[in-house]
Enquirer: 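The following block contains the structure, expressed as structure tokens.
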Number of protein chains: 2
Amino acid sequence: MNNDKKIINDIEAIPSLVQSKRQIDRYNLDIDAQAILVASRLMAAGAQLGHASEIHFSRFGLSTGRYRLLADLEDYEGEELPSQLAEHLGVTRATVTGLIDILERDGLVSRRLSSEDGRQRSVLLTEEGAKKLREMAPEHFAWLEAMVGLLSIDERSVFLDLLGRVTQGISALTDERSLKPKGNISNE
Amino acid sequence: MNNDKKIINDIEAIPSLVQSKRQIDRYNLDIDAQAILVASRLMAAGAQLGHASEIHFSRFGLSTGRYRLLADLEDYEGEELPSQLAEHLGVTRATVTGLIDILERDGLVSRRLSSEDGRQRSVLLTEEGAKKLREMAPEHFAWLEAMVGLLSIDERSVFLDLLGRVTQGISALTDERSLKPKGNISNE
DNA sequence: AAATTATAATTAGGAACCTAACTATATAGG
DNA sequence: CCTATATAGTTAGGTTCCTAATTATAATTT
């Protein structure tokens with residue numbers, strides 16, 4: 001019986017400190033092995049979470065992106081422009097078009113032409129879409145809460161703080177390459 | 001000039017505490033808003049990191065997966081079976097086949113038939129593959145280190161601990177559905 | 001020994017997100 | 001006015017990873 005297929009994040013897939021050390025030693029680099037371990041673990045956790053999330057939402061006939069779009073729409077009184085959605089979700093407008101296509105096909109949102117600007121199309125949350133969100137809310141939020149269930153309230157605050165700074169670190173790395181910084185990363 | 005396209009993780013894309021509270025209040029759920037915030041932020045961070053990682057590796061003509069395969073190969077004396085690689089990387093064998101295809105095309109690995117078992121094909125790190133790893137090591141590890149550069153040594157330990165428990169939480173959620181646990185998650 | 005079953009790798013096709021090119025509309029400059 | 005340029009959304013095609021089916025070889029069962 002091959003139920004191993006389900007368990008992707010095997011113990012083998014988790015990078016260890018000795019592994020990080022070995023890699024650094026091989027090239028005689030002046031790098032903190034633990035820093036490498038933290039970064040590697042975070043990458044592994046990110047991939048794992050992304051995968052788990054898709055499985056979670058698929059039980060409601062949604063994907064992570066499509067749920068997030070619906071939730072954002074709900075947060076903005078049930079009507080938004082695709083470009084706003086793209087900005088809120090942190091994805092491209094092309095991606096939003098695809099998300100809307102499927103949600104519209106499934107009757108969870110609808111498109112409407114804007115009267116003010118002929119280029120714009122409003123996206124509206126349908127009654128069915130609102131119902132879907134209402135129905136999945138308890139289970140969904142319980143799922144999210146369970147994710148951090150092994151952390152105490154205090155630990156959650158600490159984690160949030162540390163994660164925020166790591167996120168900042170990542171942003172700095174990706175922005176670095178654009179030689180014209182927008183000026184909002186001020187700490188030298 | 002539209003260099004905004006590069007900066008995907010806009011300030012708007014980061015979920016806030018008030019947003020989490022609003023969502024929970026809407027359905028009168030007995031859920032800790034901060035827990036939702038932590039979970040949401042982690043998901044956002046995971047996506048951001050995944051994206052940043054692809055950009056990082058693309059500068060060396062690699063993807064995250066292909067780099068990880070090369071690095072794992074190096075860790076195992078330059079020779080492994082595809083099935084071992086799949087397990088170590090936490091991806092399916094089908095994915096590994098695809099990764100090897102491109103790495104082989106680019107001359108970074110080679111395939112060899114196993115003498116012992118006719119079903120197996122060994123994957124070998126070529127000299128060119130080893131050279132690639134050697135060349136990118138300084139920049140790559142510096143990149144990883146910079147990611148957690150805003151954290152002190154002590155904070156890295158704390159972060160590692162908390163992240164580990166969140167990871168456990170996620171694993172528990174995904175395994176939950178398979179009614180026959182493998183019994184290797186022993187700490188009750 | 002032959003037939004069944006398991007395993008290793010691959011192939012085929014799908015989902016999510018991307019970039020770049022395109023269409024339609026709006027705005028600005030001469 | 002009317003051409004040039006910017007913007008909103010979409011379309012086309014690529015990448016990464018997945019699941020399910022397929023092929024080839026090994027192990028097991030009768």
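Within every chain, numbering begins at 1; the chains are lettered A, B, ... in the order of the sequence lines, protein sequences first and strands thereafter. These values consider heavy atoms only, across backbone and side chains, with no hydrogens, waters or symmetry-generated copies.
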Enquirer: At under 4.0 Å, does any side-chain N or O of Arg66(B) touch on OP1 or OP2 of dC17(D)?
Expert: no

Enquirer: When you check the phosphate oxygens OP1 and OP2 of dT15(D), does a side-chain N or O of Ser63(B) lie under 4.0 Å from one of them?
Expert: no

Enquirer: I need the residues from residues 117-125 of chain B with at least one non-hydrogen atom less than 4.0 Å from DNA chain C; give them sorted by number, or say none.
Expert: Arg119(B), Gln120(B), Arg121(B)

Enquirer: Between atom CZ in Arg68(B) and atom C1' in dC17(D), what is the gap in whole Å?
Expert: 12 Å

Enquirer: Check the phosphate of dG9(D) against Ser83(A), side-chain N and O only, distance under 4.0 Å to OP1 or OP2. Yes or no?
Expert: yes

Enquirer: Set out, in order, the CA-CA distance, both residues' side-chain angles and the distance that settles side chain to side chain contact (heavy atoms under 4.5 Å, CB included) for Val96(B) and Val123(B), then state yes or no.
Expert: CA-CA 10 Å; Val96(B) 166; Val123(B) 181; 5.9 Å; no

Enquirer: Just call it for Thr95(A): base, sugar-phosphate, or nothing, with non-hydrogen atoms closer than 4.0 Å on any strand.
Expert: base

Enquirer: I'd like to know if Arg156(A) and Asp161(A) make a salt bridge, using a cut-off of under 4.0 Å between side-chain N and carboxylate O.
Expert: no

Enquirer: Atom CD of Glu54(A) to atom P of dT19(D): distance rounded to whole Å?
Expert: 12 Å

Enquirer: Starting at atom CG of Leu81(A), determine the distance to atom C1' of dT10(D), rounded to an integer number of angstrom.
Expert: 15 Å

Enquirer: Does Leu150(B) offer a backbone N or O that forms a donor-acceptor pair with the side chain of Arg165(A) under 3.5 Å?
Expert: yes

Enquirer: Step by step, work out the side chain to side chain contact (heavy atoms under 4.5 Å, CB included) result for Leu37(A) and Gln19(A).
Expert: CA-CA 9 Å; Leu37(A) 181 63; Gln19(A) 201 180 347; over 6 Å; no

Enquirer: Could you check how far CD of Glu87(A) sits from P of dT7(D), rounded to whole Å?
Expert: 14 Å

Enquirer: Please tell me whether Leu160(B) and Val148(B) are part of a single hydrophobic cluster in this structure, the criterion being side-chain heavy atoms less than 4.5 Å apart.
Expert: yes

Enquirer: Taking N or O atoms only and anything under 3.5 Å, show me the protein contacts with nucleotides 11-14 of chain C, one pair per line.
Expert:
none

Enquirer: With Watson-Crick and G-U wobble geometry limited to distances under 3.5 Å, how should the secondary structure of DNA chain C be encoded in dot-bracket form, using | for bases paired to another strand and [ ] for crossing pairs?
Expert: ||||||||||||||||||||||||||||||

